[in-house]
Amino acid sequence: DSKDPKYADFFTDKIMNTSIYEFFPLMSKYGKYVPYMRADQMSDAATQFSAIAMNPGENNYKKFMITSAMNNMRNNLKGRIGDTTDTTTQSSISKITELINSIKSTETNEGLLSRYQAF
C-alpha cells in the first residue's frame with residue numbers, strides 16, 4: 001500500500017494485463033493510490049487505459065471502471081489547481097478530458113452511455 005509515485009507504472013501495467021477476476025480489487029487499491037501520482041503519470045495511465053475503454057470486445061464492467069478511474073484522475077487534478085500553477089497539471093486535465101470524450105463518442109452500449117453522462 002505504498003503511496004510513492006514510483007509505483008505508478010507497476011499499477012498501470014498490472015491493470016492493463018489483469019484478468020477480470022483480479023480487476024476489481026486492483027482498481028480499489030488504484031483508487032486509493034491515484035492522489036499520490038504526478039499529473040504526467042495520470043495522463044500517461046489514462047492514455048493507456050483508453051485502449052481498454054474503447055475496445056468494443058472488452059468487458060463492459062471493465063470499460064466502465066477504467067473510464068471512472070480516468071474521471072477520478074481528472075477530478076483529482078482539478079483539485080490541485082489552487083495549489084499549483086503547473087502547466088503539466090492543466091495539460092493533463094485537458095488530455096484526460098479529451099480521452100473521456102473520445103470514449104463517450106465511440107461507445108455504442110446504451111447502458112455505458114447512460115453511465116458516462118456523469119463524466
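Positions are given from 1 along the sequence.
Pairing each heavy atom of Glu58 with each of Lys63, the nearest pair is O-CD, 3.6 Å. Between Arg115 and Phe64, the shortest heavy-atom distance links the atoms CB-CE1, 3.7 Å. When all heavy atoms of Arg80 and Ala39 are compared, the pair lying nearest together is NH1-N, 3.9 Å. Here the shortest heavy-atom pairing between Ala46 and Ile96 reads CB-CG1, 3.7 Å.
Here CG of Asp40 is found 4.5 Å from CZ of Arg38. Values are rounded to the nearest 0.5 Å. Here the straight-line distance linking atom CD1 of Ile103 with atom CG of Leu113 works out to 11.5 Å at 0.5 Å rounding. We find the OG-CG distance between Ser50 and Asn101 to be 12.0 Å, quoted to the nearest 0.5 Å. Atom OG of residue Ser94 and atom CD of residue Glu98 lie 8.5 Å apart, to the nearest 0.5 angstrom. How far OG1 of Thr47 is from CE of Met42: 13.0 Å, rounded to the nearest 0.5 Å. Note that CD1 of Ile15 is 5.5 Å distant from CD1 of Ile66, once rounded to the nearest 0.5 Å.
Of the possible donor and acceptor atoms, one in the side chain of Ser92 sits under 3.5 Å from a partner among the backbone N and O of Thr88. Between the Thr106 side chain and the Ser102 main chain, a donor and an acceptor come within less than 3.5 Å of each other. Of the possible donor and acceptor atoms, one in the side chain of Asn17 sits under 3.5 Å from a partner among the backbone N and O of Asp13. In terms of modelled atom types and a separation under 3.5 Å, the side chain of Arg74 and the main chain of Phe119 share a donor-acceptor contact. Not a single donor-acceptor pair under 3.5 Å links the side chain of Gln90 to the backbone N or O of Thr87.
Under a cut-off of 6.0 angstrom, the local environment of NZ in Lys14 is sparse, with at most 12 non-hydrogen atoms contributed by other residues, nucleotides or ligands.
Classified by interplanar angle (parallel below 30°, tilted 30° to 60°, perpendicular above 60°), the ring pair Phe49/Tyr30 is perpendicular. The aromatic rings of Phe23 and Tyr61 sit perpendicular, their planes meeting at an angle over 60°, well past the 30° parallel limit.
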>> If you apply the rule side-chain contact (heavy atoms from CB on, under 4.5 Å), what do you find for Thr97 with Ile93, and how did you get there?
In response: CA-CA 6 Å; Thr97 298; Ile93 292 168; 4.2 Å; yes
> Step by step, would you call Thr89 with Ile81 a side-chain contact (heavy atoms from CB on, under 4.5 Å)?
Replying inline: CA-CA 7 Å; Thr89 301; Ile81 293 298; 3.8 Å; yes
